[in-house]
Amino acid sequence: MTEDPTATLRRLRSSIDNIDASLVYLLAERFKATKQVGHLKAEHGMPASDPAREEQQVARLRRLAEEADLDPAFAEKWFNFVVAEVIRHHTDLREGNGAADSR
């Protein structure tokens, strides 16, 4: 006997909800680390962005995405979105704007 489609949908959505929760917590951990990087950069007058590092990370994440059977272009878009937010935080810290501290 096959599973009821409604029950299958509920089970799949529950799995998606758990994955989404994990992603949120992982992103929070990532931003805790990048916040420390931002403080270090601000303290030592380093630029908010590092284009060479970002380029290396894009290439790395595209490779990982291919290995994981995920669209590499999507992985790059996600990374660029996250990096833009990180750079904004770093710029706020460098300029002495306390807004980044509350994130």
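Just the heavy atoms: all of them, side chains too, but no hydrogens, waters or symmetry mates, feed the values below. One-based numbering along the sequence shown.
- Contact of the Leu64 side chain with the Arg60 side chain is registered, since non-hydrogen atoms from C-beta on lie closer than 4.5 Å.
- Side-chain contact between Leu26 and Arg30: absent, with no pair of heavy atoms (C-beta onward) separated by less than 4.5 Å.
- Contact record, Ala48 with Thr91: CB-OG1, 3.5 Å, taken as the closest heavy-atom pair.
- Taking 4.0 Å as the cut-off between side-chain N and carboxylate O, Arg88 and Asp92 count as a salt-bridged pair.
- Note that the CG atom of Asp17 and the OG atom of Ser22 stand 11.0 Å from one another [nearest 0.5 Å].
- To the nearest 0.5 Å, the span separating CD on Glu29 from NZ on Lys32 amounts to 4.0 Å.
- Between Glu54 and Ser49 the shortest side-chain heavy-atom distance falls below 4.5 Å.
- Surrounding CD of Glu3 are more than 12 heavy atoms belonging to other residues, nucleotides or ligands, all under 6.0 Å away.
- Counting only N and O atoms by type, the side chains of Glu43 and His39 include no donor and acceptor under 3.5 Å apart.
- When the side chains of ILVMFWY residues are joined at heavy-atom separations under 4.5 Å, either directly or via intervening members, Leu40 and Phe31 end up in two distinct hydrophobic clusters.
- Under the 4.5 Å side-chain contact rule for hydrophobic residues, Leu61 and Val83 share a cluster.
- To the nearest 0.5 Å, atoms CD1 (Ile16) and CZ (Arg11) are separated by 10.5 Å.
- Qualifying side-chain hydrogen bond (donor to acceptor under 3.5 Å, both in side chains) partners for Gln36, counting only residues two or more places apart in sequence or in other chains: none.
- By the criterion of side-chain heavy atoms lying less than 4.5 angstrom apart, applied directly or through intervening Ile, Leu, Val, Met, Phe, Trp or Tyr residues, Ile87 is grouped together with Val58 in one hydrophobic cluster.
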Could you pull out every donor-acceptor pair under 3.5 Å between side chains of residues 65-76 and any protein atom, sequence neighbours left out?
residue : atom : partner : partner atom : Å
Asp71   : OD1  : Ala73   : N            : 3.0
Glu76   : OE1  : Arg62   : NH1          : 2.6

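- Thr34 places a side-chain heavy atom less than 4.5 Å from the side chain of His90.
- Here the shortest heavy-atom pairing between Met46 and Arg94 reads O-CD, 4.3 Å.
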